[in-house]
Amino acid sequence: MSEKILLIDGHSILNRAFYGLPDLTNSEGLHTGAVYGFLNIILRILEEEKPKYLTVAFDLHAPTFRHKIYEAYKGTRKPMPQELREQVPLIKEMLQAMGVEIVSKEGYEADDLLGTLARQSEAKGMDVTILSGDRDLLQLATEKVMIRLPKTVRGKTTIEDYHAQQVIEKYQVTPAQVIELKALMGDSADNIPGIPGVGEKTATKLIVEYGSIENAYQHVEEIKPNKARESLREHYNLAQLSKTLATINTESPVDFSYEKARLGDLYTKEAFALCKRLDFKNLLARFDQTMSQELTEVKEFFTCEDLSGCEALFEKAGKQKVVGTALLSDKEEVYGLGLAITEQEIYYIPVANFITGPYLCGKIADLALNTRICAIDIKTMLKHVNLEEEHQVFDAGVAAYLLNPLKSTYTCEDLAREYEGGKMIPSREELLGKASFRKAWEEDQEGLSSYACYTAETVLSCMEPLKQALEETGMWKVYTQIELPLIFTLDSMEKTGIQVKGEELKAYGDRLAVRIHELEQAIYQQAGEEFNINSPKQLGVVLFEKMGIKGGKKTKTGYSTAADVLEKLAEQQPIIKDILEYRQLAKLKSTYADGLAGMIDKDGRIHSTFNQTITATGRISSTEPNLQNIPVRMELGRLIRKVFVPEDGCVFLDADYSQIELRVLAHMSGDQTLIQAYQQAQDIHRLTASQVFHVPFDQVTPLQRRNAKAVNFGIVYGISSFGLSQDLSITRKEAADYIQKYFETYPKIKEFLDDLVETAREKGYASTMYGRRRPVPELKSSNFMQRSFGERVAMNSPIQGTAADIIKIAMNRVYKRLKSEGKKSRLVLQVHDELLIETRKEELTQVARILEEEMKGAASLQVELEVDMHEGSSWYEAK
DNA sequence: GGAGTCACG
DNA sequence: ACGTACGTGACTCCC
């Protein structure tokens with residue numbers, strides 16, 4: 001069998017991948033989708049073809065011989081979008097890392113190089129495969145040269161293959177005649193002019209009949225469609241120029257050596273490292289499993305299993321200013337500790353023999369009095385180790401979150417890569433697989449030891465770089481003054497939990513079940529069949545096809561059955577009201593009645609987790625269960641709050657900030673109208689209505705006030721006329737009108753918001769009053785929608801984020817005062833602008849005072865921070 | 001695992 | 001023209 005060479009059209013395949021596949025972004029925010037798609041395509045082809053030689057051709061920026069003969073050539077070609085342009089060096093870097101030969105030549109296009117190499121290789125008797133997205137390449141097809149054109153339809157890539165024979169079958173012309181076709185038709189993408197009035201059909205007809213443009217011109221009199229005849233007559237010279245332009249130069253002076261192009265092992269260490277950096281997790285599986293071990297620097301880790309040795313280690317650690325730790329634990333138990341005393345002395349101390357979990361945790365707490373404990377998640381550690389704010393800690397996860405809040409996880413291997421100059425360490429999955437710490441402790445001490453040591457070492461090494469980065473970005477204060485103390489505040493809230501009446505919750509669920517069943521039957525009866533009402537797909541078919549309800553359609557996958565869509569159709573059929581009610585009840589039952597009931601611990605309380613490193617803006621989030629979205633707007637749902645009760649001898653005290661985001665906006669923008677309104681404690685929505693609609697303050701109608709309120713919300717979200725029109729069910733024009741009038745009323749706010757966008761565009765991030773940052777890479781996008789999103793984010797993040805900063809400060813202060821004043825009352829929940837305290841009855845007056853003082857005093861703005869406070873014997877009553 | 005839906009601020 | 005309000009998490013269906 002003859003040897004085979006695979007030739008790839010670099011830019012064309014990258015383009016295909018970019019436009020045909022969804023974009024991806026790695027943890028640094030680099031766009032990587034096209035690179036990923038490119039690799040997937042070529043790896044697939046390589047597996048199919050198994051060529052001996054491989055090379056990828058790229059165009060250069062320099063003008064080519066085509067420019068010399070035709071000035072407009074590619075002159076008006078639209079520039080590559082930013083997201084694609086930044087991937088060109090990445091794919092070249094990747095190919096280089098894989099040892100793949102790249103060819104380019106000034107003055108020539110990739111096509112010319114591919115054509116030249118194809119002919120040379122063919123002459124040597126090789127089989128040639130050319131991979132490109134560009135049909136122009138078909139002119140190169142022969143019996144030995146196959147052109148492969150990938151096509152992506154809805155994310156699925158299929159490949160069309162062409163030898164000379166297939167070209168003839170599909171286009172009725174020989175490969176060489178493809179040039180004639182193109183010269184006649186023209187090609188707007190390549191700026192090849194072509195002949196006016198001649199499209200694919202006419203061109204094919206002419207070439208099939210006459211073989212070439214020249215021969216057609218010889219017989220120009222006979223040409224049938226008058227238009228084509230006259231056009232060819234008039235533009236013959238142009239057609240010949242086009243032909244020159246469209247002809248691939250198969251004798252380009254390309255520097256090429258088959259030796260260098262010989263296909264070797266693609267799965268090199270360098271490529272592995274780059275795949276890791278770009279987050280190509282699926283590709284990593286193709287690499288040798290020992291790769292990551294070979295890549296990481298070999299460092300000796302030690303294991304200490306005896307009590308006296310362990311004592312000695314902690315004594316040594318106590319002489320350090322800072323150590324790295326990795327406490328291996330789950331909710332119930334501690335399994336061991338990774339301890340990096342210095343960057344060279346790294347130990348794994350498993351729980352074994354006389355070394356118990358509580359013993360280890362006690363040693364850590366003692367150590368932390370004089371030595372700073374670095375870890376990646378201090379709050380989890382606090383579940384076993386009794387640390388207070390007087391202990392010294394550093395949370396590398398929280399620090400990394402502040403530096404880039406857009407990541408979804410903050411893992412050790414990312415820290416090492418990002419803050420230790422690209423250093424590679426194995427991930428938890430690589431070391432332990434999917435095993436829990438418990439399982440690994442039982443079955444894989446070696447893996448657990450490595451994991452503990454790598455983690456301890458990394459958090460130690462990363463502390464200084466993280467600290468420095470926080471200082472350089474002006475976020476050191478946010479870290480030390482807000483986030484670090486917040487770890488202890490949140491930990492206390494999680495440990496305290498909130499009492500929930502399980503039986504009442506069950507009874508509530510049962511009541512729902514009765515009504516849900518009734519609705520189910522009514523819906524089946526009206527639909528004339530039983531189906532799964534919870535399936536939007538089935539529901540859509542029943543409503544819009546079977547029952548013929550008008551006005552459906554939306555979404556990629558079918559009909560939209562969202563509440564706002566159905567509400568507009570409720571008139572048509574009574575079934576719709578039943579479905580809406582069913583949906584509401586089903587939600588209440590599954591998520592709240594049943595969901596919460598399953599989360600009640602043995603102590604009769606629910607202990608949610610408050611996540612500190614999730615949101616892009618600086619808010620906290622709540623999971624397992626989410627206690628920040630307990631129903632309140634509808635009465636039926638609101639009743640659930642009756643099962644959240646304080647323990648005996650306590651009441652709930654609930655305080656929420658009144659319109660904190662608008663107040664933040666007033667302060668940050670310095671708009672005097674808004675500031676004065678708040679100073680005079682005016683109804684802000686009514687005021688906005690009176691000014692925007694030009695009516696006296698006391699003659700504002702409820703509708704006008706409602707509209708003004710929506711505008712105020714819109715401003716905070718990053719206003720757009722479309723969004724506002726959706727919300728108010730008005731036309732875009734009317735919405736735009738409201739917005740315009742709003743900005744006339746509050747000119748400083750317009751200025752302020754414009755400035756937020758401009759600053760974010762220049763700096764690449766938006767900032768809160770306290771200096772917390774949120775990167776906004778979307779502002780640089782070439783996609784209108786993405787960019788508009790970036791603009792709204794740039795307006796919203798500083799406002800939402802500043803409010804988040806303020807309530808975090810308030811929480812820390814409240815927590816601290818309750819503690820320092822020896823109170824038994826405890827903070828139990830935070831819901832973004834609301835704090836809930838389980839308050840001892842005898843402490844009520846003082847706690848109310850503490851809560852009000854600390855919330856109001858958390859920030860001093862140009863407007864007062866107003867707080868609404870209520871007490872009650874359930875969350876329902878305290879709101 | 002993604003899409004659709006819906007609960008909250 | 002493009003086609004969305006900002007920030008979350010849980011549940012269900014369905015590939």
Side-chain angles (χ1 to χ4, degrees), chain A residues 22 155 405-406 531-540 554-566 579-580 582-596 598-599 608-611 614-634 636-638 640-641 656-661 665 710-728 732 735 739 766 774 776 778 781-801 803-804 807 829-834 879:
Chain A
L406 299 186
F531 65 101
N532 190 342
I533 310 169
N534 291 320
S535 162
K537 194 176 158 190
Q538 292 183 39
L539 181 60
K554 246 195 179 178
T555 76
K556 294 154 213 164
T557 50
Y559 301 102
S560 170
T561 64
D564 60 334
V565 175
L566 293 190
I579 287 164
L580 288 169
Y582 171 90
R583 277 256 184 85
Q584 195 191 2
L585 302 198
K587 173 88 175 183
L588 290 174
K589 183 156 175 14
S590 69
T591 304
Y592 299 102
D594 301 348
L596 290 175
M599 307 292 294
S608 175
T609 302
F610 292 100
N611 308 108
I614 297 287
T615 71
T617 53
R619 279 186 173 181
I620 59 174
S621 84
S622 159
T623 48
E624 289 180 279
N626 181 356
L627 293 183
Q628 291 181 321
N629 71 347
I630 303 301
V632 69
R633 294 173 190 165
M634 304 287 284
L636 181 64
R638 192 175 192 144
I640 291 170
R641 294 180 173 229
D656 67 287
Y657 281 117
S658 163
Q659 296 169 349
I660 186 170
E661 291 185 343
L665 175 66
V711 175
N712 279 327
F713 267 98
I715 294 292
V716 170
Y717 290 156
I719 196 82
S720 81
S721 56
F722 198 93
L724 184 63
S725 70
Q726 284 283 300
D727 189 50
L728 288 178
R732 248 183 94 172
I739 294 167
R774 179 207 174 138
V776 196
E778 296 87 352
S781 172
S782 57
N783 177 297
F784 172 83
M785 224 182 57
Q786 288 270 308
R787 214 168 43 246
S788 305
F789 173 71
E791 289 165 4
R792 295 194 294 273
V793 160
M795 294 188 257
N796 171 264
S797 299
I799 301 171
Q800 188 184 119
I807 196 164
L829 291 181
Q830 185 252 45
V831 192
H832 308 309
D833 65 354
E834 169 191 1
K879 192 68 180 128

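Keep in mind it's a predicted model, so treat the numbers as computed, not measured. Proteins get letters first, then strands, A, B, ... in listed order; numbering begins at 1 in each.
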Residue [X], side-chain atoms from C-beta onward, closest of [options]:
{"X": "A/Pro536", "options": "B/dT5, C/dC2, C/dG7", "result": "B/dT5"}
{"X": "A/Thr561", "options": "B/dT5, C/dT8, B/dG9", "result": "B/dT5"}
{"X": "A/Pro631", "options": "C/dG9, C/dG3, B/dA7", "result": "B/dA7"}
{"X": "A/Met785", "options": "C/dG7, C/dT12, C/dT4", "result": "C/dT4"}
{"X": "A/Ile614", "options": "B/dG9, C/dG9, C/dC11", "result": "C/dG9"}

Less than 3.5 Å between a donor and an acceptor, one on the side chain of [X] and one on the base of [N], is that the case here?
{"X": "A/Arg792", "N": "C/dG7", "value": "no"}
{"X": "A/Arg583", "N": "B/dT5", "value": "no"}
{"X": "A/Lys537", "N": "C/dC13", "value": "no"}

Indicate, with a heavy-atom threshold strictly under 4.0 Å, whether [X] touches base, sugar-phosphate, or nothing.
{"X": "A/Asn626", "value": "sugar-phosphate"}
{"X": "A/Asp727", "value": "base"}
{"X": "A/Ala616", "value": "sugar-phosphate"}
{"X": "A/Ala563", "value": "sugar-phosphate"}
{"X": "A/Leu724", "value": "base"}
{"X": "A/Glu661", "value": "nothing"}
{"X": "A/Val632", "value": "sugar-phosphate"}
{"X": "A/Ala710", "value": "base"}
{"X": "A/Asn532", "value": "sugar-phosphate"}
{"X": "A/Gly714", "value": "base"}
{"X": "A/Glu624", "value": "sugar-phosphate"}
{"X": "A/Arg732", "value": "base"}

If only side-chain N and O atoms of [X] are considered, is one of them under 4.0 Å from the OP1 or OP2 phosphate oxygen of [N]?
{"X": "A/Ser621", "N": "C/dG9", "value": "yes"}
{"X": "A/Ser560", "N": "B/dT5", "value": "yes"}
{"X": "A/Gln726", "N": "C/dG3", "value": "no"}
{"X": "A/Ser535", "N": "C/dC14", "value": "yes"}
{"X": "A/Arg633", "N": "B/dC8", "value": "yes"}
{"X": "A/Ser797", "N": "C/dG7", "value": "no"}

Between [N] ([atom2]) and [X] ([atom1]): distance, integer Å:
{"X": "A/Asn783", "N": "C/dA1", "atom1": "CG", "atom2": "C1'", "value": "12 Å"}
{"X": "A/Leu588", "N": "C/dG9", "atom1": "CG", "atom2": "P", "value": "20 Å"}
{"X": "A/Ile807", "N": "C/dG7", "atom1": "CD1", "atom2": "P", "value": "19 Å"}
{"X": "A/Gln628", "N": "C/dG7", "atom1": "CD", "atom2": "P", "value": "16 Å"}
{"X": "A/Met634", "N": "B/dC8", "atom1": "CE", "atom2": "C1'", "value": "14 Å"}
{"X": "A/Tyr559", "N": "C/dC13", "atom1": "OH", "atom2": "C1'", "value": "19 Å"}
{"X": "A/Asn712", "N": "C/dC6", "atom1": "CG", "atom2": "P", "value": "18 Å"}
{"X": "A/Leu829", "N": "C/dT8", "atom1": "CG", "atom2": "P", "value": "20 Å"}

What distance, rounded to whole Å, do you find between the two [atom1] atoms, one in [N] and one in [M]?
{"N": "B/dC8", "M": "C/dG3", "atom1": "P", "value": "30 Å"}
{"N": "B/dG4", "M": "C/dT4", "atom1": "P", "value": "12 Å"}
{"N": "C/dC2", "M": "B/dC6", "atom1": "P", "value": "27 Å"}

Given side chains that start at C-beta, do those of [X] and [Y] come closer than 4.5 Å, heavy atoms only?
{"X": "A/Leu829", "Y": "A/Phe610", "result": "yes"}
{"X": "A/Gln800", "Y": "A/Thr615", "result": "no"}
{"X": "A/Ile807", "Y": "A/Glu834", "result": "no"}
{"X": "A/Lys879", "Y": "A/Asp656", "result": "yes"}
{"X": "A/Tyr582", "Y": "A/Asn534", "result": "yes"}

My understanding is that a pair needs two contacts under 3.5 Å, Watson-Crick or G-U wobble. By that rule, which nucleotide pairs with B/dT5? C/dA10
C/dT4 base stacked by A/Phe789 (centroids within less than 5.5 Å, tilt under 30°): no
DNA chain C nearest-nucleotide lookup for A/Leu596 and A/Pro405: closer to the 5′ end is A/Pro405
Is it the case that atom CZ in A/Phe531 sees more than 12 heavy atoms from other parts of the structure closer than 6.0 Å? yes
Could you report the tightest heavy-atom contact between A/Ser621 and A/Gln628, atom names first, then the distance?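 So the minimum-distance heavy-atom pair works out to CA-OE1, 3.4 Å.
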Would you say the side-chain atoms of A/Ser608 pair up with the backbone N or O of A/Glu624, donor to acceptor, closer than 3.5 Å?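 A pair under 3.5 Å: no.
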